[in-house]
Amino acid sequence: MFVYDHMNGWGWALMSLGWLVLLVLVGLAVAVLLRRTADGGPGRAADRRDPSPRELLAERYARGEIDDEEYRRRLQVLEQATGHWQGSQ
């Protein structure tokens, strides 16, 4: 049986270092788990969907990448291509 009274300086140093490494690893594991659950993690990827072409077009218009005329023209092309023509909006 190991008795702590007979442990030399190196034994205490290695034991302390071992506990420190263990605590750091546990802390990192907790941090990784918290980060994955905070942003949905890889398990939630199936719940996410890609934006539709109409949503992408609206985002580009909102960011100012295309002007009003270009937005309406492209929206009309999209609606004709998908068969959802709704006239002017």
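Owing to the predicted nature of the structure, the values given are computational and were not obtained by experimental measurement.
- In terms of hydrophobic clustering, with Ile, Leu, Val, Met, Phe, Trp and Tyr side chains grouped at heavy-atom distances under 4.5 Å, W19 and W12 are assigned to a common cluster.
- Listed here is the closest heavy atom pair of L75 and L57: N-CD2, 3.5 Å.
- The line from CZ of R60 to CD1 of I66 is 5.5 Å long, rounded to the nearest 0.5 Å.
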*Check the pair E59 / E65 against side-chain contact (heavy atoms from CB on, under 4.5 Å), numbers first and verdict last.*
CA-CA 9 Å; E59 286 177 16; E65 293 177 10; over 6 Å; no
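- Considering E69, Q76, E70 as possible partners of R73, the one that fulfils the side chain to side chain donor-acceptor pair (under 3.5 Å) test is E70.
- Separating the CG atom in L22 from the CG atom in L17 is a distance of 11.5 Å, to the nearest 0.5 Å.
- The structure places CZ of R74 at 11.5 Å from CG of L56, a figure rounded to the nearest 0.5 Å.
- One distance of note links CE of M15 with CG of L20; it measures 12.5 Å at 0.5 Å rounding.
- Among residues two or more places apart in sequence or in another chain, the salt bridge (charged side-chain N to carboxylate O under 4.0 Å, His left out) test is passed with E55 by R49.
- D68 and Y61 share a side-chain donor-acceptor pair at under 3.5 Å.
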